[in-house]
Each structure stands twice: as C-alpha cells, then as structure tokens.
Student: 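Below is the structure I would like to discuss, written out as structure tokens.
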Amino acid sequence: LETGEVYTIQIVALSDYRASWFKEYCKKNGLDFASLTKWSENSLTKFGQGNYTSKEEGLKALSKLKKSTGISDLFLTKRVK
C-alpha cells in the first residue's frame, strides 16, 4: 500500500446518490449505515466498510460480510483514507 491507502470493502458506487434509497438498501441487506465510509471518486459516490492495512485481513472480512448480508457483488478495493 502507498502512504495513506487502505483496503476497504466496497458496497456500492452510485452516479445518482439518494440517501433515502441507500438507507433502505442498507436496512434490507442488514448493513449498518452509520458504520459505513462514504467517499467520492470519478464522479461516483461510493460506500464501503472497514479500513484494512493488509489484503489478507480485508479478504477475510469480505468473506464474512458476503455471508452475513447475502450480497455477492461486494469486493475489496484500495482507496486513500
């Protein structure tokens, strides 16, 4: 990782972010909206969970989150913290 970078589990990337829709999405999928990280990149609003300093740690958390939520298209990404 470069200085200031972390691994994060990306949940969504939205070109048209609407808070009410996303909060309902979180509720439906068992995600705690308040614990998620929000950032912007390439004109998209992105939400993720966790800040991991190692890829292995992030992949373990990703596996757990996929199992607990049933959301199959989550993935691990690097971002600037």
Student: Are any side-chain N or O atoms of T77 and backbone N or O atoms of Q10, one a donor and one an acceptor, separated by less than 3.5 Å?
Tutor: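 Answer holds: no.
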
Student: Report yes if the side chains of R79 and N51 come closer than 4.5 Å at any heavy-atom pair, otherwise no.
Tutor: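 Heavy-atom side-chain distance check passes, below 4.5 Å.
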
Student: Tell me, do I71 and L65 make a side-chain contact under 4.5 Å, heavy atoms counted?
Tutor: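 No - every pair of side-chain heavy atoms lies 4.5 Å or more apart.
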
Student: For residues 59-78, which residue pairs pass the salt bridge (Lys or Arg N to Asp or Glu O under 4.0 Å) check, not counting sequence neighbours?
Tutor: none

Student: One pair to check against side-chain contact (heavy atoms from CB on, under 4.5 Å): V6 and V80. What are the steps and the verdict?
Tutor: CA-CA 6 Å; V6 293; V80 176; over 6 Å; no

Student: Look up atom OG1 in T8 and atom CZ in F75, then write down how far apart they are to the nearest 0.5 Å.
Tutor: 10.5 Å

Student: Restricting to non-hydrogen atoms, name the atom on A61 and the atom on Y52 that form the minimum distance, rounded to 0.1 Å.
Tutor: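 Looking at all heavy atoms of both residues, the closest pair is CB-OH, 3.2 Å.
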
Student: To the closest 0.5 Å, what do you measure between CD (E57) and CG (L62)?
Tutor: 12.5 Å

Student: According to salt bridge (Lys or Arg N to Asp or Glu O under 4.0 Å), who are the partners of E41, at least two apart in sequence or on a separate chain?
Tutor: K46

Student: In chain order, what residues pass the side chain to side chain contact (heavy atoms under 4.5 Å, CB included) check against K55, with sequence neighbours excluded?
Tutor: Y7, L59, L76

Student: Going by atom type alone, with no hydrogens or angles, which donor-acceptor pairs under 3.5 Å involve a side-chain atom of residues 13-38 and a protein atom two or more places apart or on another chain?
Tutor:
| unit_1 | atom_1 | unit_2 | atom_2 | d |
| --- | --- | --- | --- | --- |
| D16 | OD2 | R18 | NH1 | 3.2 |
| N29 | ND2 | Y25 | O | 2.9 |
| D32 | OD1 | A34 | N | 3.3 |
| S35 | OG | D32 | O | 2.8 |

